[in-house]
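Below is one structure, written out as structure tokens; the observations come after it.
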2 protein chains.
Amino acid sequence: MGRVRISDVAAAAGVSVSTVSLVMNDVESRIPEATRERVRSAAEQVGYQPSSVARSLRTQRTRTVGLISDQIATTPFAGRMLAGAQDVAREHSHLLFLVDTGGDVDIERDAIRALGAQRVDAMIYAAMWHRVLSTPAGLPDDAVFLDCRPAAGGYRSVVPADREGGRAAVRALTEAGHRCIAYIDTNEDAPIAASLRHEGYLEALAEAGIEPDPAWHVAAQTSPQGGRIAAERLLDLPEAIRPTAFFCFNDRMATGVYRAAHARGLDIPRDLSVVGFDDQQFVAAEQDPPLTTVALPHYEMGRWAMEAALGIRAEGEKDAVHHMECPVVRRDSVGPPPAHVGKQNRRRASHTTERSRTATTDR
Amino acid sequence: MGRVRISDVAAAAGVSVSTVSLVMNDVESRIPEATRERVRSAAEQVGYQPSSVARSLRTQRTRTVGLISDQIATTPFAGRMLAGAQDVAREHSHLLFLVDTGGDVDIERDAIRALGAQRVDAMIYAAMWHRVLSTPAGLPDDAVFLDCRPAAGGYRSVVPADREGGRAAVRALTEAGHRCIAYIDTNEDAPIAASLRHEGYLEALAEAGIEPDPAWHVAAQTSPQGGRIAAERLLDLPEAIRPTAFFCFNDRMATGVYRAAHARGLDIPRDLSVVGFDDQQFVAAEQDPPLTTVALPHYEMGRWAMEAALGIRAEGEKDAVHHMECPVVRRDSVGPPPAHVGKQNRRRASHTTERSRTATTDR
DNA sequence: ATGAAAGCGCTAACAC
DNA sequence: GTGTTAGCGCTTTCAT
């Protein structure tokens, strides 16, 4: 297989190569059904499989797209993003070249070059967590940024609506009756996601007429250990301003809050409510009780990027960043604050998803 | 970029296309350095980037490889496997086509066809957990199976050495002095990995002269919840045969054992030792105490498969399945059994990795 | 309704 | 030491 050429099919069918080409490509043509059938069975017979490379050379289109990412391996989210991109590619009969640069700039440069040499029809530049980064040299103007955006602008890009996600998360808390709500932040080099989620937190407090206490904002390592330490500090606050609810930068930190609570004999959600972020697989849903959190729309972002890259999306104008909504996933870690028991109705066991409001394109 | 052809470079440098081709490909030839330099700068000048598609058509080699997998998204292990394959591909200047079939046989068939049409130099057929499966129709004879093997044989393949991994895991327990050791198995449709790990468990017990009690083998759902239920059943056993140590099919189930233990006020590892399997990211290392477990060598398997596919490995004969060693990762969940305290030295806090013995090629 | 032939951009055998 | 040229396998215009 692969060794048989179009001329072999032509010979077998007793027609010319152009006829074979016409029927193989279902070209609108007045070739009678009888001939078409003869060609098709001849092709089947000899095991003909058209060469995409020859076709690509001739048509100047390869039906391939290159996806360059910094880290495919080290994040648990990569998969769903790739799956989204890959699904769209497949739906449109395109094949996906995948390159993982590991964050190495030289490898990245080579990858862009190699993909260019392969004459891919489109390129996607993906980061494995929401970031703002400089534009790699050599990247074609019509490339699409996925889960990141270029500091200088000039490209289409899609990122999570972190601010709106943070707002929705904290709303779930204010709506349950909480007034003292902490934000457990990351202390790592200011990822854009962290500040956006913080802004959302502040907005939701403002909406509820709550004046945020500076003591409610504590930063720690992005790990269960970090979350635990932060929670302990918060739980040591004087009772008047002691938080009854925690909004965490991510789910891993939220698990640390669980540990701190258990160490003090506090029950979640009876004594303490907690909301995470990421809806991380094997983490959020598997806590006890299952963690209410905000999902990152990786699959949908992957789809969006590929649709934009393939020119399927009309709204994919240059220099526009699309914010993809982050739905809150309600599980069992949020209840009314301790003092309010009985006054509020509990919002438990509704394992459903509530869409946060936004999916906007700005700039 | 991409619009300029080799003839443009030739014209710019005042030489023929063959000269350009020769220098671009660093062909062993007696072209003087002066000319080479002139050609190179002309190429640079006009922004020439050789077309891989034209070259592929001419040379009949594409320097691409196709990787087909059933599930890229839904498993936390996919990443490292892809990274291994991708790294080797890059080291040898190959590009990787990635196709995720989602387990759909029609998509799989189309993918094999499309990859064949692209004239990839090699194909890798990957599963996201160790399985035995039927050979997809149309798969080239020299394809390599990754983390799975064909029921019918006839292909090169690489899988984890689950049996040896299970043996090493249980050895860590017998060496700590345990005599009552349970195996918490999965009750899902008999994955090959589960039975191999069970065999390893039995071997390690035999080595230590321990007669396994049938009550020590309990199967449950592959989840924290399943692990918890299994552990509770085991902890209810009469004291004479009550296990002091648990070997779990995977890390998620091990976290369930932690919960069961905590619910009974049992301390790990003082009252109970536990060993998992998978070394799952964000799970094993982040337990409290960190979980001793057996690592699945996904990165190395990915590398091996690509090396075999590219013909770099001499030993890559057909019909051979390579078993890749699964190192035990010692963390803090294993100690001596309660009765032995003081008699044994504790094996804690040695966060190192011990290689299990095997990396064999059988059949 | 079908066939002949040019040419996509490159490599490599062969000429000079 | 460098140039000419024949394809690689296909699509597509133009003839017939």
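What you are looking at is a predicted structure, and each value in this text was computed from that prediction instead of being measured. In the text below, chain A, chain B and the rest are named by the order of the sequence lines, each starting its count at 1.
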More than 12 heavy atoms of other residues, nucleotides or ligands under 6.0 Å from CD of A:Glu44: yes or no? no

Taken to the nearest whole Å, CD1/A:Ile6 to P/D:dC8 is 14 Å

Taking side chain as C-beta onward, heavy atoms only, is B:Thr64 less than 4.5 Å from B:Leu96? no

A:Arg38 CZ to C:dA1 P: how many Å, rounded? 14 Å

Integer-rounded Å distance: C:dC10 C1' and B:Tyr48 OH: 7 Å

How close do A:Ile112 and A:Met123 get, counting heavy atoms only, and between which atoms? O-CE, 3.6 Å

Are B:Arg303 and B:Glu91 packed together at the side-chain level, in the sense that at least one heavy-atom pair is separated by less than 4.5 angstrom? yes

Check every strand shown and say whether B:Thr35 touches a base, only sugar-phosphate, or nothing at a heavy-atom separation below 4.0 Å. sugar-phosphate

Are any protein N/O atoms closer than 3.5 Å to N/O atoms in nucleotides 14-16 of chain D? If there are, list each pair with its distance.
none

Here the distance between atom P of D:dT13 and atom CG of A:Asn25, to the nearest Å, is 13 Å

What is the distance from CG of B:Asp8 to P of C:dG9, rounded to the nearest Å? 9 Å

Quick one: do B:Asp121 and B:His94 satisfy side-chain contact (heavy atoms from CB on, under 4.5 Å)? Show the steps, please. CA-CA 9 Å; B:Asp121 294 339; B:His94 281 245; 3.6 Å; yes

Mind listing the N/O atom pairs, protein and nucleotides 3-5 of chain D, below 3.5 Å?
{"residue": "D:dG3", "atom": "OP2", "partner": "B:Ser16", "partner atom": "N", "Å": "2.5"}
{"residue": "D:dG3", "atom": "OP2", "partner": "B:Ser16", "partner atom": "OG", "Å": "3.1"}
{"residue": "D:dG3", "atom": "OP2", "partner": "B:Thr19", "partner atom": "OG1", "Å": "3.0"}
{"residue": "D:dG3", "atom": "N7", "partner": "B:Ser18", "partner atom": "OG", "Å": "3.1"}
{"residue": "D:dT4", "atom": "O4", "partner": "B:Ser18", "partner atom": "OG", "Å": "2.9"}

Quick one: side chains of residues 6-20 of chain B, donor-acceptor pairs under 3.5 Å with protein atoms, not counting sequence neighbours, listed by atom name and distance.
{"residue": "B:Asp8", "atom": "OD2", "partner": "B:Arg5", "partner atom": "N", "Å": "2.8"}
{"residue": "B:Ser16", "atom": "OG", "partner": "B:Ser18", "partner atom": "N", "Å": "3.4"}
{"residue": "B:Ser16", "atom": "OG", "partner": "B:Ser18", "partner atom": "OG", "Å": "3.0"}
{"residue": "B:Ser16", "atom": "OG", "partner": "B:Thr19", "partner atom": "N", "Å": "3.4"}
{"residue": "B:Ser16", "atom": "OG", "partner": "B:Thr19", "partner atom": "OG1", "Å": "3.3"}

side-chain contact (heavy atoms from CB on, under 4.5 Å) between B:Glu108 and B:Tyr125: does it pass, once the steps are laid out? CA-CA 10 Å; B:Glu108 182 174 282; B:Tyr125 186 76; 2.7 Å; yes

Taking A:Glu33 first and then A:Arg38, would you say they form a salt bridge - that is, a charged N and a carboxylate O separated by under 4.0 Å? no

List the steps and the verdict of side-chain hydrogen bond (donor to acceptor under 3.5 Å, both in side chains) for B:Asp142 and B:Tyr155. CA-CA 7 Å; B:Asp142 59 354; B:Tyr155 287 84; over 6 Å; no

If you draw a 6.0 Å radius around CD in A:Gln45, do more than 12 non-hydrogen atoms from other residues or ligands fall strictly inside? no

Angle between the end axes of the helix from C:dA1-D:dT16 to C:dC16-D:dG1, five pairs per end, to the nearest 10 degrees? 50°

From the candidates D:dT2, C:dT2, C:dC10, the one with an atom nearest any side-chain atom of A:Ile31 is C:dT2

Interatomic distance where CZ belongs to A:Arg119 and P belongs to C:dC8 [whole Å]: 14 Å

Which residues in residues 52-62 of chain A have at least one heavy atom lying under 4.0 Å from any atom of DNA chain D? A:Ala54, A:Arg55, A:Arg58, A:Thr59

Return the value, rounded to whole Å, for the distance between atom CZ of B:Arg3 and atom P of C:dC10. 10 Å

Going by side chain to side chain contact (heavy atoms under 4.5 Å, CB included), A:Arg149 matches just one of A:Leu133, A:Val321, A:Val158. Which one? A:Val321

Please identify each residue that fulfils side chain to side chain contact (heavy atoms under 4.5 Å, CB included) with A:Ser51, with sequence neighbours left out. A:Val53, A:Ala54, B:Arg119

